Amino acid sequence: MTETLFLTSDEVAGLAEPAEYVDAVRDAYRQVGEGAPAEPRTKLVNGDPPGFLTSYTAILPETGAMGGYTYAAGFGERDAWFMTPLFDAESGEPLALLDGASMNPFKTGAAGAVGVDALAREDATSLALVGSGAQARGQLKAAATVRDLETVWVYSPTKEHREAFAGDMNPELDASVAAVASAAAAVEDADVVITATNATEPVFDGDLLEPGTHVTAMGQYDRNKRELDHATIERAKYVPDLRARAAPDGDAGSFISALEAGVVDGDHVHAELGEVVAGVEPGREDDGEITVFDSGGTGIETTAAAYMLYEKAREAGLGETIEFAPASEALTGE
């Protein structure tokens, strides 16, 4: 039998700071940029009750881990459960099984921050945030570790939500965090724009973006939904987490909509984020460029974050040991 560590969501919550997530995820993207394997999500949609089952995986040889997410969302309970299996990349043995709910905004925020770090101007100090939920919180905390933010403007449709978000985040950051009455008010003059919404249509006008702006879009991974309009895609150096997401059969809805409308072609995909992080392809090449990082969620940040938490949990003596039978012992047909 193979001993495997089971970690609850409560046990891994608070084990790592946002900057530690960012460091782990940055290194994981570098590995993928240098050839480590990762695939976009597989999403199976159910009609009645409505819901979907998703999985995505990656192998990080230098980290020594492989794994990803399998999660169900919606269905009868109208909720979500995130299972995170983690394997040893050398032996193939299971290392851990994590309840991946509490880490989700942090690992996703870390991916967004790696995009900001790779593509935003070094002197970026102002940030517009469209969205005020858990994912927006994770994005902002992580972005604040890679740029010296002075001002954050947050917009979401419900006034109470955006004002509560600003009130919560203002004392947590060195930057001033304020709620504004429209997406346009947030985006105008912002050095960095982050969208973290469940919107089905674009959440701001791309013509409002000033030269030199960076945009991280992380709220959608459905080919029929988009946070960014055609103008944003057309004006930007476009970098997805994985190139396959921007293919005609992919799930990068903002890019695919622009592609199908004839606004851009397949060559408009500049590089994957990992290629930029690894130095295989250039990132920002001048201060006037508009850049987009399209983040749909991958096994890259999930595996990197899970392994980091696994190591920290072992050091802290957390978790419960469970056993898995290797196939050589249990797969007998008897």
Side-chain angles (χ1 to χ4, degrees), residues 19 21-40 58 60-63 108-128 139 142-149 190-195 206 209-218 227-228 230-247 250 252 254-256 258-259 263-301 304:
Y21 278 93
V22 173
D23 288 344
V25 170
R26 181 188 293 111
D27 186 66
Y29 270 95
R30 176 193 60 79
Q31 292 178 55
V32 172
E34 294 175 350
E39 290 292 331
L60 304 177
E62 294 179 40
T63 302
T108 307
V114 172
V116 171
D117 200 30
L119 297 169
R121 298 194 326 268
E122 290 289 341
D123 64 353
T125 58
S126 59
L127 185 147
Q139 292 289 324
T145 71
V146 299
R147 289 296 183 272
D148 293 324
L149 299 178
D191 298 324
V192 175
V193 177
I194 298 176
T195 60
L209 296 172
E210 294 289 339
T213 304
H214 169 71
V215 179
T216 287
M218 62 70 52
E227 292 184 302
L228 307 182
H230 293 168
T232 301
I233 298 297
E234 184 178 22
R235 297 180 67 196
K237 173 178 280 185
Y238 177 81
V239 177
D241 41 19
L242 291 171
R243 190 183 299 268
R245 291 191 53 243
S254 297
F255 185 85
I256 291 168
L259 185 69
V263 174
V264 297
D265 60 24
D267 292 336
H268 194 68
V269 178
H270 170 68
E272 293 184 355
L273 179 61
E275 294 172 327
V276 175
V277 173
V280 175
E281 297 290 346
R284 173 175 293 275
E285 295 178 271
D286 65 67
D287 284 346
E289 280 187 319
I290 293 173
T291 55
V292 164
F293 170 50
D294 192 337
S295 173
T298 75
I300 304 168
E301 59 266 26

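By convention here, the first residue in the shown sequence is residue 1. Everything numeric in this text was worked out from a predicted model, so none of it was measured.
For the atom pair Ile194 CD1 and Met218 CE, the distance stands at 9.5 Å (nearest 0.5 Å). Atom NE2 of His268 and atom CG of Leu259 lie 10.5 Å apart (nearest 0.5 Å). The CG atom of Leu119 lies 13.0 Å from the OG1 atom of Thr213; values are rounded to the nearest 0.5 Å. His270 contributes atom NE2, which lies 7.5 Å from atom CD of Glu289 (distance to the nearest 0.5 angstrom).
Counting only residues at least two apart or on different chains, the side-chain hydrogen bond (donor to acceptor under 3.5 Å, both in side chains) pairs with a member in residues 113-123 are Arg26-Asp117, Asp117-Arg147, Arg121-Asp123, Arg121-Asp191. Applying the salt bridge (charged side-chain N to carboxylate O under 4.0 Å, His left out) test to pairs two or more places apart or on separate chains, those with a residue in residues 264-278 are Arg243-Glu275.
Looking at residues two or more places apart in sequence or on another chain, you find no salt bridge (Lys or Arg N to Asp or Glu O under 4.0 Å) involving Glu39. In this structure Tyr21 satisfies the ring pair (Phe, Tyr, Trp, His ring centres under 6.0 Å) test together with Phe106, sequence neighbours excluded. Shown here are the side-chain contact (heavy atoms from CB on, under 4.5 Å) partners of Ala252, two or more places apart in sequence or in another chain: Tyr238, Arg245, Phe255, Asp294. Taking Ala258 as the reference, His230, Ile233, Val263, Val264 meet the side-chain contact (heavy atoms from CB on, under 4.5 Å) condition, with sequence neighbours excluded. Shown here are the side-chain contact (heavy atoms from CB on, under 4.5 Å) partners of Ala38, two or more places apart in sequence or in another chain: Val32, Ala58, Leu242, Ile300. Considering only residues two or more places apart in sequence or on other chains, Gln139 meets the side-chain hydrogen bond (donor to acceptor under 3.5 Å, both in side chains) condition with none of them. Under the rule for a side-chain hydrogen bond (donor to acceptor under 3.5 Å, both in side chains), the partners of Thr291 that lie at least two apart in sequence or sit in another chain are His214, Arg284. Residues meeting the side-chain hydrogen bond (donor to acceptor under 3.5 Å, both in side chains) test with Thr63, sequence neighbours left out: Gln31. Every residue meeting the side-chain contact (heavy atoms from CB on, under 4.5 Å) condition with Ala247, not counting sequence neighbours, appears here in chain and number order: Asp249. Residues satisfying the side-chain hydrogen bond (donor to acceptor under 3.5 Å, both in side chains) test with Glu34, not counting sequence neighbours, are Arg30.
Across all non-hydrogen atoms, the minimal contact from Gly250 to Ile256 is O-CD1, 3.2 Å. Looking at every heavy atom in both residues, Ala111 comes nearest to Leu273 through O-CD2, 4.2 Å. Minimum heavy-atom separation, Ala113 to Val146: O-CG2, 3.7 Å. Closest approach of Gly115 to Phe293, counting heavy atoms only: CA-CD2, 3.8 Å. Heavy-atom minimum distance, Val22 versus Val114: O-CG2, 3.9 Å. Across all their heavy atoms, Leu228 and Ser254 have their closest contact at N-OG, 3.1 Å.
Checking side-chain atoms of Arg235 against main-chain N and O of Gly206 turns up a donor-acceptor pair under 3.5 Å. A side-chain donor-acceptor contact under 3.5 Å links Asp241 to the backbone of Gly296.
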